[in-house]
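Positions are given from 1, in the same order as the sequence printed here.
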Amino acid sequence: IRLGESYQAINELEKSAGIFRGAAKLNPTEAVILAKLGDISMRNKEFQQAIEYYQNALDKQPAANRLHYSMALAYRAFKKNKLARKHFNLKGGVGVKAKEPLIDNLSQLLRGERVYLLRGKLAFSFGRFKEAAEAFKKAIAEAPYSIRAHINLAATLNHLNDKYNAQKFLQKALDIDPGNLTANYNLGVLFEETNQFEKALTYFIKAENIEPDDVSLQLKLGSLLTQLNQQDKAFSHYEKALNLNPLIPSAWLSQVRYLIKQKQYQSAIKKLNHANSLMPDNGSIAHYLARTLVSNPNFKLRNGNRGLELAEKVFTAEKSPEHALTLAMAYAEMGQCSRAAQLQRSLNNQLEKHKTQFNDNLDLIKLKALLHFYENKRPCRYIDGSL
């Protein structure tokens with residue numbers, strides 16, 4: 001349209017006509033194009049065609065009363081003076097205008113819901129949560145059925161630790177649109193954060209029904225069902241998440257923990273090997289595989305060589321107490337009892353010096369017993385299974 005008008009302005013009328021005909025192929029119902037085609041028909045003395053174009057343009061933009069003048073000229077040229085006078089009397093100063101979505105929407109930013117949403121998001125991004133909350137409340141006042149305003153206000157109130165009202169505004173958002181994914185998901189998170197796990201599960205399931213292929217949602221369901229001691233159901237959600245994205249270490253490890261708890265050691269090792277092949281540089285997967293291979297209650301499933309290789313790799317990358325413990329187990333599995341005892345002694349001294357324990361089930365009393373085992377028993381391979 002702009003190019004056609006430019007050619008028209010420099011009196012290159014044939015090029016202008018060609019451009020407008022091309023524009024009509026792209027959008028045959030645009031009022032300004034119809035009006036321009038009417039002008040072209042007038043120049044070509046195709047008055048009946050011009051009248052049809054002008055009338056169609058008027059039908060699209062009735063407020064463009066300047067078109068009545070063009071209609072009057074066309075009717076006069078067509079020798080229909082009565083109709084020409086009628087349209088001449090209706091002429092005005094409003095011309096036909098092309099739609100400019102970007103520019104037309106600018107005026108909306110100066111008032112109403114949108115401006116408050118923008119102000120709220122800007123304040124939120126700078127951590128000015130009270131200011132953001134006020135802006136979102138004003139957005140709701142302007143547009144009481146605005147889903148975005150309700151969801152953004154709820155998120156802001158959550159940052160202000162007003163979880164009660166955050167839940168209330170999310171519920172209002174769902175009253176407006178029960179099928180809103182974000183509102184269902186966020187409400188589930190809020191109930192989870194306040195330890196209302198059954199309610200959280202209800203909303204996460206609703207969100208899953210809306211978007212079953214959301215990885216983060218499948219992980220949330222897996223985590224929540226684990227907390228509710230429904231590990232078998234959690235397992236299936238972790239499986240769905242891994243089918244969507246197999247590069248999620250936490251999902252693999254959650255499944256493996258469940259399999260080990262069920263004494264399905266072979267399946268656990270199979271999963272760990274597959275995860276390790278997909279993510280060979282992931283320390284958590286490599287460490288868990290190493291621990292499983294050198295401390296498996298089923299001795300037939302142990303693989304000391306592979307376990308030692310992995311244990312040395314993760315210990316070299318990070319000399320943490322957990323990695324040291326696993327490496328000592330690997331030495332013991334391979335019959336290197338002196339090395340196992342030496343590393344275990346060093347680990348015990350480190351933990352005793354710092355008065356720490358690195359998980360609730362693993363304290364110095366058990367570690368000292370393990371050291372005594374490495375020092376005095378032959379073979380010294382790890383047996384207990386409780387670490």
Side-chain angles (χ1 to χ4, degrees), residues 197 201 204-205 208 212-315 317-318 320 322-334 358-362 366 370 379 381-387:
F197 300 128
L201 182 61
F204 284 137
I205 290 173
E208 185 194 21
D213 292 336
D214 188 303
V215 175
S216 63
L217 182 55
Q218 295 298 338
L219 292 173
K220 268 290 182 189
L221 280 164
S223 173
L224 185 60
L225 287 164
T226 300
Q227 292 182 74
L228 290 169
N229 204 31
Q230 299 180 38
Q231 286 92 341
D232 53 338
K233 292 181 180 179
F235 188 94
S236 66
H237 286 288
Y238 286 128
E239 192 69 22
K240 290 177 183 178
L242 290 170
N243 287 335
L244 294 166
N245 179 6
L247 304 179
I248 308 174
S250 61
W252 289 105
L253 293 176
S254 295
Q255 286 193 317
V256 166
R257 291 188 192 100
Y258 171 75
L259 291 170
I260 289 175
K261 186 177 179 180
Q262 298 297 310
K263 298 184 179 181
Q264 298 180 37
Y265 304 119
Q266 191 164 5
S267 296
I269 291 173
K270 183 179 179 180
K271 274 199 171 287
L272 284 167
N273 274 318
H274 184 50
N276 182 246
S277 69
L278 293 172
M279 298 170 284
D281 295 325
N282 184 273
S284 298
I285 296 290
H287 174 245
Y288 215 100
L289 178 56
R291 176 72 70 89
T292 306
L293 291 174
V294 300
S295 66
N296 200 309
N298 185 342
F299 283 11
K300 292 180 181 180
L301 296 175
R302 290 193 184 187
N303 185 335
N305 286 315
R306 176 78 171 130
L308 179 58
E309 176 191 344
L310 290 166
E312 287 179 332
K313 179 181 177 181
V314 295
F315 185 73
E318 182 186 355
S320 70
E322 284 281 5
H323 292 172
L325 178 62
T326 301
L327 182 55
M329 290 178 179
Y331 285 144
E333 180 64 21
M334 294 299 293
F358 42 94
N359 76 43
D360 294 337
N361 301 315
L362 194 60
K366 288 186 176 182
L370 188 56
R381 68 197 312 198
Y382 178 73
I383 296 175
D384 188 349
S386 64
L387 291 175

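Rounding to the nearest 0.5 Å places OH of Y265 at 6.5 Å from CG of N296. In this structure, CG on L259 lies 11.0 Å from NZ on K270, to the nearest 0.5 angstrom. Atoms CG and OG1, from N303 and T292 in turn, are 12.0 Å apart once rounded to the nearest 0.5 Å. One finds the NZ atom of K313 at 13.5 Å from the CG atom of L308 (value rounded to the nearest 0.5 Å). The distance from atom CD1 of I260 to atom NZ of K271, rounded to the nearest 0.5 Å, is 12.5 Å. From K233, atom NZ reaches atom CG of L225 across 7.0 Å, with rounding to the nearest 0.5 Å.
The shortest side-chain heavy-atom distance between L289 and R306 falls under the 4.5 Å cut-off. With contacts defined as side-chain heavy-atom distances shorter than 4.5 Å, the pair R381/M329 does not qualify. Using a 4.5 Å heavy-atom cutoff, the side chains of E208 and D214 are not in contact. Annotation: side chain of R257 is in contact with side chain of Y288 (closest heavy-atom distance under 4.5 Å). Using a 4.5 Å heavy-atom threshold, the side chains of Y238 and T226 count as touching.
When all heavy atoms of A330 and A311 are compared, the pair lying nearest together is CB-CB, 4.1 Å. Of all the heavy atoms in V294 and E333, the pair that sits closest is O-OE1, 3.7 Å. When every heavy atom of N282 is checked against every heavy atom of S284, the shortest pair comes out as OD1-N, 3.2 Å. Scanning both residues, V256 and A268, for their nearest heavy atoms gives CG2-O, 3.9 Å.
Between the side chain of S223 and the main chain of L219, no donor-acceptor pair closer than 3.5 Å is present. Using a distance-only test at 3.5 Å, with no hydrogens or angles considered, no donor-acceptor pair links the side chain of N276 to the main chain of L272. Judged by distance alone, with hydrogens and angles left aside, the side-chain atoms of E312 form no donor-acceptor pair with the main-chain N or O of G307 at under 3.5 Å. The closest donor-acceptor contact from the side chain of W252 to the backbone of P246 lies under 3.5 Å. R302 places no side-chain N or O within 3.5 Å of a backbone atom of L293 that could act as its donor or acceptor partner. Of the possible donor and acceptor atoms, one in the side chain of H323 sits under 3.5 Å from a partner among the backbone N and O of V314. Side-chain N or O atoms of Q218 include none that pairs as donor or acceptor with a backbone N or O of K240 at under 3.5 Å.
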Practice prompt. Check step by step if side chain to side chain contact (heavy atoms under 4.5 Å, CB included) holds for Q255 and L242.
Written response: CA-CA 10 Å; Q255 286 193 317; L242 290 170; 3.4 Å; yes
Worksheet entry | Residues F299, I383; criterion side chain to side chain contact (heavy atoms under 4.5 Å, CB included); working and verdict | CA-CA 9 Å; F299 283 11; I383 296 175; 4.2 Å; yes
Practice prompt. For side chain to side chain contact (heavy atoms under 4.5 Å, CB included), just list the numbers for L325 and L370, CA-CA rounded to whole Å, side-chain angles, deciding distance to a tenth of an Å, and then say yes or no.
Written response: CA-CA 10 Å; L325 178 62; L370 188 56; 3.7 Å; yes
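Counted within 6.0 Å of CD on Q262, heavy atoms from surrounding residues, nucleotides or ligands total more than 12; the atom is thus considered enclosed.
With no hydrogens or angles considered, a side-chain donor-acceptor pair links Q231 and N229 at under 3.5 Å.
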